[in-house]
Colleague: 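First the structure, which I've put down as structure tokens, then a few questions once you've had a look.
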Amino acid sequence: MACQMQQKMYSPLPRSFYDRDVVVVARDLLGKKFCRRSRQGMTCGTIVEVEAYRGADDPASHSFRGKTPRNLVMFGEPGHLYVYSIHAKFCLNAVTGPQRTPSAVLIRAIEPTQGIPLMQRRRDRTNVFDLTRGPARLCEAVEVSGEMNGVDLTIGSRIWISRNSYAHVKSADIVAAPRIGVTKARDVCLRFFVDGSRFVSGPRRWHRR
DNA sequence: GTTCGGATTATCT
DNA sequence: GATAATCCGAACC
């Protein structure tokens with residue numbers, strides 16, 4: 001029985017989860033369990049901060065100027081991992097749908113729940129708040145790099161996202177704010193994070209003017 | 001082939 | 001909060 005429950009908890013979210021509007025998926029990803037199994041061991045955490053990147057209508061999105069070798073995965077099937085490099089670091093996204101729209105959710109921060117010693121070793125940091133706060137820090141902590149670009153998130157072998165019955169995030173607990181680091185479309189609030197979480201990167205409050 | 005800038009972070013003050 | 005470090009992809013020639 002316990003085994004069955006664990007099986008259900010760890011099973012990856014299905015393709016249909018990702019095959020929806022990118023903003024819906026982004027908000028729905030908050031509170032879900034992010035899982036990464038590597039040769040060194042398991043690292044997991046609760047997703048607390050994300051950003052949505054649309055397609056042709058979003059000048060801040062990589063897919064805004066059409067298909068290139070770099071952003072090819074964004075144009076493909078939803079539910080795949082899109083990894084890109086920036087400033088000599090990596091960031092990881094989940095490709096969303098529907099209708100093959102080139103949209104994706106950037107996962108900016110998780111609250112570590114499993115494999116913390118492994119994360120501390122990879123990051124060369126002991127402070128738990130410095131392990132997975134920020135997209136590039138997260139990638140380093142869970143060992144995701146460019147080689148994993150395009151991996152299917154619905155298989156559940158190396159990397160996946162699952163339901164999390166212990167951390168249900170209500171709509172009222174979600175704060176929307178402008179995306180961090182983007183120079184275009186600054187006025188659009190497509191960054192979402194769990195209100196009150198200490199594991200969120202950047203400003204945790206944002207006042208609408 | 002060269003230039004340019006970015007969905008960042010660490011390390012200062 | 002400001003700045004340097006750092007490297008890859010895209011755009012242009």
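Computed over heavy atoms, backbone and side chain alike; hydrogens, waters and symmetry mates excluded. Quantities reported herein were computed from a predicted structural model and do not represent experimental measurements. Residue numbering restarts at 1 for every chain, and letters A, B, ... go by the order of the sequence lines.
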Colleague: Heavy atoms only, 4.0 Å cut-off, all strands: where does Ala60(A) land among base, sugar-phosphate and nothing?
Modeller: base

Colleague: Nearest heavy atom decides the nucleotide; on that basis, is Asp130(A) or Met74(A) closer to the 5' end of DNA chain B?
Modeller: Met74(A)

Colleague: List the atom of Pro12(A), the atom of Thr154(A), and the distance in Å for their closest heavy-atom pair.
Modeller: CG-O, 3.4 Å

Colleague: Closest to the Ser61(A) side chain: dA7(B), dT9(B), dA10(B)?
Modeller: dA7(B)

Colleague: Check this one for me: any side-chain N or O of Arg123(A) less than 4.0 Å away from OP1 or OP2 of dA10(B)?
Modeller: yes

Colleague: Among dT8(B), dT6(C), dA7(B), which nucleotide sits nearest the side chain of Ala88(A)?
Modeller: dT6(C)

Colleague: Within this structure, what is the CG-to-P distance between Leu106(A) and dT8(B), rounded to whole angstrom?
Modeller: 8 Å

Colleague: Distance alone, cut at 3.5 Å: any donor-acceptor contact between the side chains of Gln40(A) and Arg122(A)?
Modeller: yes

Colleague: Please report, rounded to the nearest Å, how far the C1' atom of dG6(B) is from the CZ atom of Arg179(A).
Modeller: 14 Å

Colleague: Write down the distance between CZ (Arg54(A)) and P (dA7(B)), rounded to a whole number of angstrom.
Modeller: 18 Å

Colleague: CG of Asp124(A) versus P of dT11(B): gap in Å, rounded?
Modeller: 9 Å

Colleague: Taking 4.0 Å as the cut-off, does a side-chain nitrogen or oxygen of Arg70(A) come that near to OP1 or OP2 on dA7(B)?
Modeller: no

Colleague: If you assign Lys184(A) and Leu138(A) each to the DNA chain B nucleotide with the nearest heavy atom, which residue ends up on the more 5' nucleotide?
Modeller: Lys184(A)

Colleague: To the nearest 0.5 angstrom, please state how far the CG atom of Leu153(A) sits from the OG atom of Ser162(A).
Modeller: 11.5 Å

Colleague: Runs of at least three consecutive Watson-Crick or G-U pairs, both distances under 3.5 Å, are what I'm after; which ones involve DNA chain B?
Modeller: B:1-6 with C:7-12, B:8-12 with C:1-5

Colleague: Is Tyr84(A) stacked against the base of dA7(B), taking the criterion as centroid distance under 5.5 angstrom and interplanar angle under 30°?
Modeller: no

Colleague: When you compare the side chain of Tyr82(A) with that of Arg70(A), does any pair of heavy atoms fall below 4.5 Å?
Modeller: yes

Colleague: Please tell me if the side chains of Met74(A) and Ser61(A) come closer than 4.5 Å, counting only heavy atoms from C-beta onward.
Modeller: yes

Colleague: Does dT8(B) have OP1 or OP2 sitting under 4.0 Å from an N or O in the side chain of Arg108(A)?
Modeller: yes

Colleague: Would you mind checking if Arg54(A) and Asp21(A) are paired as a salt bridge, meaning a charged N to carboxylate O distance below 4.0 Å?
Modeller: yes

Colleague: Mind calculating the distance between NE2 (His62(A)) and P (dA11(C)) to the nearest angstrom?
Modeller: 12 Å

Colleague: Could you check how far OH of Tyr82(A) sits from P of dG9(C), rounded to whole Å?
Modeller: 10 Å

Colleague: So, is Thr68(A) close to the dA10(C) phosphate, meaning a side-chain N or O under 4.0 Å from OP1 or OP2?
Modeller: yes

Colleague: With ring centroids as reference points, do Phe129(A) and Phe199(A) lie under 6.0 angstrom apart?
Modeller: yes

Colleague: Could you check which of dT9(B), dA7(B), dT8(B) has an atom nearest any side-chain atom of Ile180(A)?
Modeller: dT8(B)

Colleague: To the nearest angstrom, how far is Asn127(A) atom CG from dA10(B) atom C1'?
Modeller: 14 Å

Colleague: Quick one: His87(A) NE2 to dC7(C) P, roughly how many Å, whole number?
Modeller: 12 Å

Colleague: To the nearest 0.5 Å, how far apart are CH2 in Trp160(A) and CG in Leu13(A)?
Modeller: 12.0 Å

Colleague: As a test of reading the structure: which of dA7(B), dA11(C), dT9(B) is closest to the side chain of Lys89(A), going by heavy atoms?
Modeller: dT9(B)

